[in-house]
Student: 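After the structure tokens below, expect a handful of questions from me.
The chains referred to below are lettered A, B, ... by the order of the sequence lines, with proteins before strands, and numbering in each begins at 1. In what follows, every heavy atom counts, from backbone to side chain, and hydrogens, waters and symmetry copies are set aside.
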Amino acid sequence: MYLTKYFLPILKENPSEAQITSHRLMLRSGMIKQSSAGIYSWLPLGLKVLKKIEQIVIEEQVAAGHIPILMPTIQPADLWKESGRLNDYGSEMLRIEDRHGRGMLYGPTNEELVTDIFRSHITSYKDLPKTLFHIQWKFRDEVRPRFGVMRGREFFMKDGYSFDMDRESAIHSYNRHMISYLRTYERLGLQAIPMKADTGPIGGDYSHEFLVLAETGESEVFYDKKVTDSSLGERKIDYSDKQGIAAIVESFTQPYARTDETHDQNLFNKLPPERRLSARGIEVGQIFYFGTKYSESMNAEIVLPDGKRTFVEMGSHGIGVSRLVGALIEANHDDLGIIWPTPVAPFLAVIINLKHGDKKTEKVCEKIYENLVSAGLDVLYDDRDERVGVKFATMDLIGIPWQIIVGPRDLSEGFIELKFRKDGKRTRISFSDCSSELLNALRV
RNA sequence: CGGGCUAUAGCGCAGUCUGGUAGCGCGUUCGUCUGGGGGACGAGAGGUCGUGAGUUCAAAUCUCGCUAGCCCGACCA
């Protein structure tokens, strides 16, 4: 993409409404524009990041055997009457009336809809287990939206719903989700710690929130140092291996890790002092096994092998996709701007022409651009007539991982320069060799 | 929903107390110089001062209402 042909409305100064880093940087780098409180338009750069996160989430869900669907944003109020949540949900739910006077609502979540889909089509244990998920816009009419996309009213969320014939199978579904979430966060370049969550009136051990550690996090978290030392890494996951999956889940959830809501100081104090850590965290996902709460109220039954009927066991699982954009920035930035982890970067690299109007540098930039694009890489070419300082400042701000710097000085000696945004390290690369050496470097 | 604050050019702000020709920086347009970390000079464009009413010869400025946004708290993916 040639920058002069793109739409990248960056701001040099901080918008006064943005208080926290990610919100400020998202506005300054032209990723979003506020439309009203807690509701945003996603501009090209922001949309690219959002879609990259979405794609990774989808891939990991599909890898875990979960099935994508798409449910509507507008839902009929009748279904919510059935579950009893029409009254319970309160004014956080945006209620709408259509022209016929029918009660509608902008969905804050989808348990009712998905249960309705399930009960219409699945009646036998033979069709189980199944997990349906979708990634869709939700709306919660927060009293006080803030922190940009981290706590907007409209938000983009992956929510999945598992259906199982019995508790044992449902727990395996729960564990499967745990692993698929851990993998998702790792691929995004984030460390998210599963923390025991409040299960409310339903009770039980089966709810975890996933927290990313960041200074600006909204909750205080307490954890055993062990949890930040563990990662899935490259290991192969066999989602059909119940024991294996359960063992991995155990290894991640056994060490102490809780938010201030469920924190137990006495338990925490049993850890050796050097392993007791506390920090702030941003919640980026939650998984929940709630049994038959909705299947009972909405009458979603299945027939078991012995011919008896039973209510289907359910769980729901969410990842805040739009919130993750903010969380990623909170976890990856410096004074100059954003530092995107490569997997979610809006562009892998940017070619910076240091001397606009110089035929030779322009030609080299264009050649590099063509090479990289034809190699399948998504690169930006800063072909603006701007001073170098402006170009560097812009690119540092929007956080593209690699800067390919082309200027007459180095070029006269046959070199171009490659700078890594994260550590600022620069490498000189022979221009004659740039198609192979550069490609290798970018594919690290 | 309780408490606090704000609204003047695309963005950041001054002007409001003490009513009298609407200003600064950045950005933007044109030109010249410049060219390895937000450059210089010159010339422009751009605002019914959030909105409605009132007071006054005269309102960005004073009074009242309304709306929107932000912050702290309670609440939440």
Student: For the base of B:rG35, is there a side-chain donor-acceptor partner from A:Arg384 under 3.5 Å away?
Tutor: no

Student: Over how many whole Å does the gap from A:Glu92 atom CD to B:rC1 atom C1' extend?
Tutor: 12 Å

Student: Per the atom types in the model, does the base of B:rG37 pair as donor or acceptor with the side chain of A:Lys419 at under 3.5 Å?
Tutor: yes

Student: Using a 4.0 Å heavy-atom cut-off to protein, can you give one letter per nucleotide of nucleotides 6-16 of chain B, 5' to 3': B if the base is in contact, S if only the sugar-phosphate is, - if neither?
Tutor: -----BSS---

Student: Side chain of A:Arg153, base of B:rG69: donor and acceptor closer than 3.5 Å?
Tutor: no

Student: Answer with base, sugar-phosphate or nothing: what part of the nucleic acid does A:Gln34 contact at a heavy-atom distance below 4.0 Å?
Tutor: sugar-phosphate

Student: For A:Glu142 and B:rG73, what is the distance between atoms CD and P respectively, to the nearest whole Å?
Tutor: 15 Å

Student: Which whole-number value in Å describes the distance from A:Arg409 CZ to B:rG36 P?
Tutor: 8 Å

Student: State whether the side chain of A:Arg323 and the backbone N or O of A:Val284 hold a donor-acceptor pair below 3.5 Å, judged by distance alone.
Tutor: no

Student: If pairing requires Watson-Crick or G-U wobble contacts with both distances under 3.5 Å, which nucleotide is the partner of B:rG73?
Tutor: B:rC1

Student: Need one value for A:Gly152: base, sugar-phosphate or nothing, where a base atom within 4.0 Å counts as base even if backbone is also close, heavy atoms only.
Tutor: base

Student: Describe the nucleic acid contact of A:Ser36 in one word from base, sugar-phosphate, nothing, applying a heavy-atom distance below 4.0 Å.
Tutor: sugar-phosphate

Student: Roughly how far apart, to the nearest Å, are B:rG42 and B:rA59 at atom C1'?
Tutor: 37 Å

Student: Before accepting this row, confirm whether a basic side-chain N of the pair A:Asp88/A:Arg85 lies closer than 4.0 Å to the acidic partner's carboxylate O.
Tutor: no

Student: Taking only the C1' atom of each, what is the distance from B:rU55 to B:rG10 in whole angstrom?
Tutor: 35 Å

Student: State whether A:Arg144 places a side-chain N or O below 4.0 Å from either non-bridging phosphate oxygen (OP1 or OP2) of B:rC72.
Tutor: yes

Student: B:rA60 and B:rU51: how far apart are their C1' atoms, nearest whole angstrom?
Tutor: 14 Å

Student: Anything under 3.5 Å between a donor and an acceptor, one on a side chain of residues 54-72 of chain A, the other on a protein residue two or more places apart or in another chain? List them.
Tutor:
unit_1: A:Glu54; atom_1: OE1; unit_2: A:Lys51; atom_2: NZ; d: 3.1
unit_1: A:Gln55; atom_1: NE2; unit_2: A:Glu59; atom_2: OE2; d: 3.1
unit_1: A:Glu59; atom_1: OE1; unit_2: A:Arg187; atom_2: NH1; d: 3.0
unit_1: A:Glu59; atom_1: OE1; unit_2: A:Arg187; atom_2: NH2; d: 2.8
unit_1: A:Glu60; atom_1: OE1; unit_2: A:Arg183; atom_2: NE; d: 3.0
unit_1: A:Glu60; atom_1: OE2; unit_2: A:Arg187; atom_2: NH1; d: 3.0
unit_1: A:Gln61; atom_1: OE1; unit_2: A:His66; atom_2: ND1; d: 2.6
unit_1: A:Gln61; atom_1: OE1; unit_2: A:Lys158; atom_2: NZ; d: 3.4
unit_1: A:Gln61; atom_1: NE2; unit_2: A:Ser180; atom_2: OG; d: 3.2
unit_1: A:His66; atom_1: NE2; unit_2: A:Arg176; atom_2: NE; d: 3.1
unit_1: A:His66; atom_1: NE2; unit_2: A:Arg176; atom_2: NH2; d: 3.3

Student: Using purine N1 to pyrimidine N3 plus N6-O4 or O6-N4 for Watson-Crick, or N1-O2 and O6-N3 for G-U wobble, both under 3.5 Å, which nucleotide pairs with B:rA53?
Tutor: B:rU63

Student: So which nucleotide does B:rG42 pair with, by the Watson-Crick or G-U wobble rule with both distances under 3.5 Å?
Tutor: B:rC30

Student: What is the separation between atom CZ on A:Arg146 and atom P on B:rC70, rounded to the nearest whole Å?
Tutor: 11 Å

Student: Report yes if a donor N or O on one partner sits less than 3.5 Å from an acceptor N or O on the other, where the partners are the side chain of A:Asp358 and the base of B:rG35; otherwise report no.
Tutor: no

Student: What distance, rounded to whole Å, do you find between the two P atoms, one in B:rC24 and one in B:rA43?
Tutor: 13 Å

Student: If B:rU6 has a Watson-Crick or G-U wobble mate with both distances under 3.5 Å, name it; if not, just say none.
Tutor: B:rA68

Student: Using a strict cut-off of less than 4.0 Å between a Lys/Arg side-chain nitrogen and an Asp/Glu carboxylate oxygen, indicate whether A:Arg428 and A:Glu413 qualify as a salt bridge.
Tutor: yes

Student: Expressed as a whole number of angstroms, how long is the span from A:Leu27:CG to B:rC26:C1'?
Tutor: 17 Å

Student: Now, which nucleotide makes the Watson-Crick or G-U wobble pair with B:rU21, with each of the two distances under 3.5 Å?
Tutor: none

Student: Quantified in whole Å, what is the P atom distance between nucleotide B:rU34 and nucleotide B:rC71?
Tutor: 47 Å

Student: So, does the side chain of A:Arg387 form a donor-acceptor pair with the base of B:rG38 at under 3.5 Å?
Tutor: no

Student: Please classify the nucleic acid contact of A:Gly318 as base, sugar-phosphate, or nothing, using heavy-atom distances under 4.0 Å.
Tutor: nothing

Student: Could you list the residues that satisfy side chain to side chain donor-acceptor pair (under 3.5 Å) with A:Ser251, not counting sequence neighbours?
Tutor: none

Student: So does A:Arg140 reach the base of B:rC75 with its side chain, donor to acceptor, closer than 3.5 Å?
Tutor: no

Student: Would you indicate which nucleotide in B:rG36, B:rG27, B:rG37 comes nearest to any side-chain atom of A:Lys12?
Tutor: B:rG27

Student: Whole-Å distance between B:rC76 P and A:Asp260 CG?
Tutor: 12 Å

Student: Provide the Watson-Crick or G-U wobble partner of B:rU48, both distances under 3.5 Å; none if there is no partner.
Tutor: none

Student: May I ask you to check whether A:Phe420 and A:Trp402 place their ring centres under 6.0 Å from each other?
Tutor: yes

Student: Starting from the 5' end of RNA chain B, give me the residue, A:Lys355 or A:Phe156, whose nearest nucleotide shows up first.
Tutor: A:Lys355

Student: Can you tell me which nucleotide in B:rC76, B:rC71, B:rG36 comes closest to the side chain of A:Gln19?
Tutor: B:rC71

Student: Using only heavy-atom distances, decide whether a donor-acceptor pair under 3.5 angstrom links the side-chain of A:Glu386 to the base of B:rG38.
Tutor: no

Student: Which nucleotide in the list B:rG38, B:rA74, B:rG36 gets nearest to the side chain of A:Val143?
Tutor: B:rA74

Student: If we take the C1' atom in both B:rC72 and B:rU61, what is their distance in whole Å?
Tutor: 30 Å

Student: What is the distance, rounded to the nearest whole Å, between atom NE2 of A:His356 and atom P of B:rG39?
Tutor: 17 Å

Student: In whole angstroms, how far is the P atom of B:rG27 from the CD1 atom of A:Ile10?
Tutor: 10 Å

Student: Please measure how far the C1' atom in B:rC1 lies from the corresponding atom in B:rG27, and state the result in whole Å.
Tutor: 40 Å

Student: Any chance the side chains of A:Asp396 and A:Gln403 put a donor and an acceptor closer than 3.5 Å?
Tutor: yes

Student: Nearest to the A:Ala37 side chain among B:rC76, B:rG38, B:rC70, which nucleotide is it?
Tutor: B:rC70

Student: Reading RNA chain B from 5' onward, which residue's closest nucleotide shows up sooner: A:Phe392 or A:Ala18?
Tutor: A:Phe392

Student: Examine the base of B:rG35 for any acceptor or donor lying under 3.5 Å from a partner atom in the side chain of A:Asp385, and report the outcome as yes or no.
Tutor: yes

Student: Ring centroid separation for A:Phe252 and A:Tyr181, is it under 6.0 angstrom?
Tutor: no

Student: Answer yes when A:Asp334 and A:Arg421 have at least one side-chain N-carboxylate O distance shorter than 4.0 Å, and no when they do not.
Tutor: yes

Student: Taking atom C1' in both B:rA9 and B:rA14, compute the distance separating them and give it to the nearest angstrom.
Tutor: 14 Å

Student: Assess whether a salt bridge exists between A:Glu82 and A:Arg119, defined as any Lys/Arg side-chain N lying under 4.0 Å from an Asp/Glu carboxylate O.
Tutor: yes

Student: Angle between ring planes, A:His208 versus A:Tyr174, binned at 30° and 60°: parallel, tilted or perpendicular?
Tutor: tilted

